[in-house]
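One structure is given here, and the rest of the page talks about it.
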Amino acid sequence: MTDLRAMIIERIADRGPGPMWILDSYYHLISSGIAPDKAMQALTLFVDEVVEKKRQRLGPLKVVE
């Protein structure tokens with residue numbers, strides 16, 4: 001899975017984190033010969049990792065009423 005993670009990071013670095021980066025990364029993985037379910041799994045793990053790092057950096061969310 002690490003190789004797929006590296007492919008996703010390379011693609012984002014090359015194309016930029018635009019609004020369609022997930023779809024673009026998915027298409028890139030599929031067109032590189034990665035099975036669709038493996039590509040989806042790699043993207044899910046990557047997004048979960050990014051979200052967790054953001055949560056750690058920002059701390060708990062505060063509810064504003």
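Just so it is clear, the model here is predicted, and its values are computed rather than measured.
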Between [X] and [Y], which heavy-atom pair has the shortest distance, and what is it?
X     : Y     : value
Gly16 : Trp21 : O-CB, 4.4 Å
Asp24 : Arg15 : OD2-CG, 3.6 Å
Ile22 : Leu43 : O-CD1, 3.9 Å
Ser25 : Ile8  : OG-CG2, 4.2 Å

Contacts table for residues 44-51: side-chain donor-acceptor under 3.5 angstrom, sequence neighbours left out:
| from | atom 1 | to | atom 2 | distance (Å) |
| --- | --- | --- | --- | --- |
| Thr44 | OG1 | Met40 | O | 2.8 |
| Glu49 | OE1 | Arg5 | NE | 3.2 |
| Glu49 | OE2 | Arg5 | NE | 3.3 |
| Glu49 | OE2 | Arg5 | NH2 | 2.7 |
| Glu49 | OE2 | Lys53 | NZ | 3.3 |

**Prompt:** Could you state the interatomic distance from CD1 (Ile34) to CE (Met7), rounded to the nearest 0.5 Å?
**Reply:** 5.0 Å
**Message:** Just verifying a value: how many Å separate Ser32 OG and Ile30 CD1, rounded to the nearest 0.5 Å?
**Reply:** 9.0 Å
Contacts of [X] that satisfy side chain to side chain contact (heavy atoms under 4.5 Å, CB included) - sequence neighbours left out:
X     : value
Ala13 : none
Pro17 : Ile12
Leu23 : Met20

**Co-members of Tyr27 in a cluster of I, L, V, M, F, W and Y side chains, linked at under 4.5 Å** = none
**Prompt:** In chain order, what residues pass the side chain to side chain donor-acceptor pair (under 3.5 Å) check against Lys54, with sequence neighbours excluded?
**Reply:** none
